[in-house]
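Heads up: the structure comes next, in structure tokens.
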Amino acid sequence: MLLMAALTYGAGTLVFAHLTGEAAVSRAMAAGRTSLGNELTDFGSSLSDTPYIVALTAVTAIVLRLVLRRWRESIFLIAAVWSQSLVFLATTNVVGRHRPPVPHLDEAPPTSSFPSGHVSAAVAFYCGVALVLTTHVRNRALRVMIWALSAAAPLAVGFSRVYRGMHFVTDVLWGLLLGIGCVVMAARAILYARRAPGGQRSRARPSSSR
């Protein structure tokens, strides 16, 4: 997490200082807004609004505990979601990037534009859930469908945030990387870790349900 925070701060400082041409993309998106697009992106952005992600994470963690009768998957999901949140909160105000210079369709939170917390949260939750589900699903077509839906959610959130004038493109891209990093970190530390003989931790995939 410390490494991801350092990389996020470094990337944010670099982007803030040198990538000034992104405003043109935001202006082009704002100029092409339509009433239908506004409605669709309002829904897309809401897929990872903080209250929803917190509630969905809590409910999903409880369901996983009841269904699987163990805590590993629940703790993994909570760790993935909250680790990205902690990295985001530790870096966003330090970077201090302003929101795009276009009309904002959502109320701007007190955090800065870089990185996109909506996108990193969407990756951590939806892809975290997909990782848990696909370790217990044998059918390949169903696995592909689960991952396709889970990947579509962060992409929809990212597009919606740029469309609605809340983030630059690089904010979204780094949010994707941050979310992926937190899912991988939590998976290696929790989901794929087990006690080996002698009490030491070893890496192993959980067995799939048959």
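Side chains included, hydrogens not; waters and symmetry mates left out as well; all remaining heavy atoms used.
Considering all non-hydrogen atoms of both residues, Val119 and Gly175 come closest at CG1-C, 3.8 Å. The heavy-atom pair separating Ala79 from Ile190 by the smallest distance is CB-CD1, 3.7 Å. Considering every non-hydrogen atom in both Gly179 and Val123, the closest pair reads C-CG1, 3.4 Å. Taking both residues in full, the closest heavy atoms of Val132 and Thr135 are given as O-OG1, 2.6 Å, listed atom of the first, atom of the second, then distance. Scanning all heavy atoms of the two residues, the minimum distance from Cys182 to Ala80 falls at CB-O, 3.7 Å. Leu178 and Val87 make their closest contact through CD1-CG1, 3.6 Å (heavy atoms, listed as atom of the first residue, atom of the second, distance).
One hydrophobic cluster, built from ILVMFWY side chains closer than 4.5 Å, cannot hold both Trp82 and Leu176; they sit in different ones. A single hydrophobic cluster is not seen to contain both Leu2 and Leu89; linkage of ILVMFWY side chains at heavy-atom distances under 4.5 Å, directly or through other members, places them apart. When hydrophobic clusters are built by joining Ile, Leu, Val, Met, Phe, Trp and Tyr residues whose side-chain heavy atoms come closer than 4.5 Å, directly or via intermediates, Val102 is not grouped with Val25. Under the 4.5 Å side-chain heavy-atom criterion for ILVMFWY residues, a single connected hydrophobic cluster contains both Val95 and Leu7.
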Return all side-chain donor-acceptor pairs below 3.5 angstrom for residues 144-157, not counting sequence neighbours, or 'none' if the list is empty.
unit_1, atom_1, unit_2, atom_2, d
Trp147, NE1, Thr134, OG1, 3.4
Ser150, OG, Tyr126, O, 3.3
Ser150, OG, Ile146, O, 2.9

Listing, residues 49-66 side-chain donor-acceptor contacts under 3.5 Å, not counting sequence neighbours, or none:
unit_1, atom_1, unit_2, atom_2, d
Asp49, OD1, His118, NE2, 2.9
Thr57, OG1, Ile53, O, 2.7
Thr60, OG1, Leu56, O, 2.6

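For the atom pair Ile78 CD1 and Glu73 CD, the distance stands at 12.0 Å (nearest 0.5 Å). For the atom pair CG (Leu86) and CE (Met1), the distance works out to 4.5 Å, reported to the nearest 0.5 Å.
Residues Trp174 and Phe114 have side chains in contact (heavy-atom distance under 4.5 Å, counting atoms from C-beta outward). Contact check for Met4 versus Gln84: no side-chain heavy atoms found under the 4.5 Å cut-off. The shortest distance between side-chain heavy atoms of Phe168 and Arg97 falls below 4.5 Å. When side chains are defined from C-beta on, Pro100 counts as touching Ser113, because their heavy atoms get closer than 4.5 Å. Using a 4.5 Å heavy-atom cutoff, the side chains of Val183 and Phe76 are in contact. Residues Phe125 and Ser48 fail the side-chain proximity criterion, which asks for heavy atoms closer than 4.5 Å. Here the side chains of Asp106 and Ser45 are in contact, with some heavy-atom distance below 4.5 Å.
If you chain together ILVMFWY residues whose side-chain heavy atoms come under 4.5 Å of each other, Met166 ends up in a group of its own. By the 4.5 Å side-chain criterion applied to Ile, Leu, Val, Met, Phe, Trp and Tyr, Leu40 is assigned to a cluster that also includes Leu36.
Residues meeting the side-chain contact (heavy atoms from CB on, under 4.5 Å) test with Val184, sequence neighbours left out: Ile180, Arg188.
For residues 29-46, the pairs satisfying salt bridge (charged side-chain N to carboxylate O under 4.0 Å, His left out) are Asp42-Arg164, with sequence neighbours left out.
In this structure, the side chain of Glu22 engages the main chain of Val169 through a donor-acceptor pair within 3.5 Å. His167 places no side-chain N or O within donor-acceptor distance of the main-chain N or O of Tyr163, the cut-off being under 3.5 Å. Under the 3.5 Å distance criterion, the side-chain polar atoms of Arg161 are left unmatched by any main-chain donor or acceptor of Ser116. Formation of a donor-acceptor pair under 3.5 Å by the Thr41 side chain with backbone atoms of Gly44 is not found in this model. Using a distance-only test at 3.5 Å, with no hydrogens or angles considered, no donor-acceptor pair links the side chain of His98 to the main chain of Gly96.
With Ser112 as the fixed residue, the side chain to side chain donor-acceptor pair (under 3.5 Å) test singles out one of Thr92, Asp171, Asn93, Thr91: Thr92.
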